[in-house]
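Shown next, in structure tokens, is the structure this report addresses.
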Amino acid sequence: MKAVHNFCAGPSLLPQTVYEQAAQAVLNFENTGMSILSISHRSKEFIAALEEARHLSLELLGLDKKGYVALFLQGGASMEFLRIPYNLMQQKAAYINTGTWSSKAIKQAQMLGEVKVVASSEDQHFSYIPKEVRVEEAVDYLHFTSNNTIHGTQFNYLPQTNAPLVCDMSSDIYSREFAYDQIDLIYAGAQKNIGSAGVSLIITKEEILGKTKRDIPQMLDYQEHIAKDSLYHTANVFAVYTCLLNLRWLKQQGGVAAIEAINNKKAALLYQTLDDLDFISGTAAIEDRSKMNVTFTFKDEQLNAIFDQLCTEAQITNIKGHRSVGGYRASLYNAVSLSSVETLTTVLQQMKTLV
Ligand SMILES: *Cc1c(COP(=O)(O)O)cnc(C)c1O
């Protein structure tokens, strides 16, 4: 394969060994003589893989034996925007609005009850994280988005509430240590730091479920999926297996703390480079900058074409900002190497001689 520096925001880069092992499983899954694409989701081999993935997903976050259960379900993180209020909302829920994905989650919750937006950064184009959010009033749960993939901001603290805390961690789960055990329900589309697209991970405390009086369609009912061990219906067999391979890889790297140290280096190098170049503007408030999705623009838009050309020459791809906000975005998920970031910073430095 040619050496491309892929900064895709999702589906994200995965480690080379994960690609190799996944490719091998397509040809011959664990010496069964069958492809992973053509084995039963109820075969003992797949069930073993699913169970290992569910277990590792908790262990790597330090959530083993703490009352949590992990599910691998289909529908992406967007499905959870609806599944969460179905399962948790009785009358009123609190949401923190920090970007496009939070806004979408709010819209879905509004279909089932009252949503109180307790804090929002919409007034400044979602360029910052509201501080010290504390929800005293009685609500069924408080929802926030730990990392705002499109706007490049990230929570560095935990909102406070007595209600269950729910977090969309699609784009920073497994990237850093966090007070995971203070969150009651964590969910994430797999395609950013967990595995390939087509499956999402839901980690929930069992004790928060079963409290609404609402009839929940079976496909949307977490308790139904828990009772069936994530096999209420055909699982996304290949995607779950890819998640397992990637979680195993993460464990081999030393787990979340070890990957966080590398992620910190990557983000520090890129932000330092951007800050030193006076023809670039960051788009996120400095204290809230995301270590996973680094967003920036050129003050003079005419520089875009030059930068694009240099990126093409350096084999840097998928660095354009989300279509809704424009500019540029480098996503630094776990599998993106420090050397890819160095290539990008070299290109940015090169711009100095051209402006
Ligand atoms: C990508 C993303 C989503 C949407 O995930 P899908 O799996 O495409 O539904 C939701 N929330 C956040 C924070 C994301 O980054």
Side-chain angles (χ1 to χ4, degrees), residues 6-14 57 70-86 95-109 120-122 126-130 142-156 158-159 165-176 178 180 183 185-204 219-220 230 235-236 238-240 242-243 246 263 283-284 288-295 318-325 329-336:
N6 184 358
F7 292 95
C8 191
S12 71
L13 193 74
L14 293 170
S57 71
L71 297 169
F72 282 95
L73 304 181
Q74 300 190 43
S78 301
M79 178 61 92
E80 304 322 308
F81 296 163
L82 184 61
R83 209 148 22 196
I84 285 159
Y86 255 109
Y95 278 69
I96 302 175
N97 190 7
T98 51
T100 311
W101 298 116
S102 314
S103 303
K104 286 192 165 186
I106 289 168
K107 258 210 167 119
Q108 294 298 284
S120 169
S121 52
E122 196 171 7
F126 297 120
S127 59
Y128 71 101
I129 297 289
L142 168 62
H143 178 284
F144 74 110
T145 310
S146 55
N147 184 69
N148 298 284
T149 326
I150 294 174
H151 305 281
T153 61
Q154 189 170 28
F155 270 85
N156 288 311
L158 213 54
L165 190 58
V166 174
C167 188
D168 176 358
M169 298 201 77
S170 290
S171 50
D172 68 350
I173 193 167
Y174 299 110
S175 73
R176 60 166 169 167
F178 201 58
Y180 293 102
I183 308 174
L185 190 156
I186 298 167
Y187 67 101
Q191 70 276 16
K192 282 145 192 167
N193 258 334
I194 309 176
S196 59
V199 71
S200 35
L201 173 63
I202 297 100
I203 291 177
T204 182
M219 272 292 283
L220 300 184
S230 293
N236 186 333
F238 185 65
V240 170
T242 310
C243 291
N246 193 45
N263 287 338
T283 55
D288 300 324
R289 295 198 291 206
S290 167
K291 290 177 178 163
M292 285 288 101
N293 309 98
V294 177
T295 53
N318 287 315
I319 192 152
K320 282 262 197 290
H322 189 267
R323 58 196 145 68
S324 63
V325 294
R329 169 175 56 176
S331 295
L332 309 183
Y333 299 122
N334 289 351
V336 174

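Start at 1 and go down the list; that is how both ligands and their atoms are numbered.
- Atom 9 (O) of ligand 1 has as its closest protein heavy atom S78 OG, 2.6 Å.
- Less than 4.0 angstrom separates some heavy atom of T145 from each of these atoms of ligand 1: 13 (C).
- Here the CZ atom belonging to F178 is positioned 5.0 Å from the CD1 atom belonging to I183, to the nearest 0.5 angstrom.
- In the model, N263 has no side-chain atom that pairs as donor or acceptor with a side-chain atom of Y333 under 3.5 Å.
- Here the heavy atom of the protein found nearest to atom 8 (O) of ligand 1 is Q191 NE2, 3.4 Å.
- Looking at ligand 1, you'll find an N or O of A77 within less than 3.5 Å of one of its N or O atoms.
- A distance-only check finds a donor-acceptor pair linking the side chain of Q154 to the backbone of K291 [under 3.5 Å].
- Heavy-atom contacts of G76 reach the following atoms of ligand 1: 7 (O), 9 (O) (cutoff under 4.0 Å).
- When only non-hydrogen protein atoms are considered, atom 11 (N) of ligand 1 lies nearest to D168 OD2, 2.6 Å.
- Given atom 15 (O) of ligand 1, the protein heavy atom at minimum distance is T149 OG1, 2.4 Å.
- Between the side chains of T153 and H151, no donor-acceptor pair is found at a separation under 3.5 Å.
- Separation of atoms OH (Y187) and CE (M79) is listed at 13.0 Å; rounding is to 0.5 Å.
- Taking every non-hydrogen atom of N147 and a distance limit under 4.0 Å, the qualifying atoms of ligand 1 come out as 13 (C).
- In the vicinity of F81, heavy-atom distances shorter than 4.0 Å reach the ligand 1 atoms 10 (C).
- A distance of 8.5 Å separates CZ of R329 from OG1 of T295, quoted to the nearest 0.5 Å.
- The single protein non-hydrogen atom nearest to atom 14 (C) of ligand 1 is K192 NZ, 2.9 Å, given as residue, atom name and distance.
- No side-chain donor-acceptor contact under 3.5 Å links T145 to the backbone of D168.
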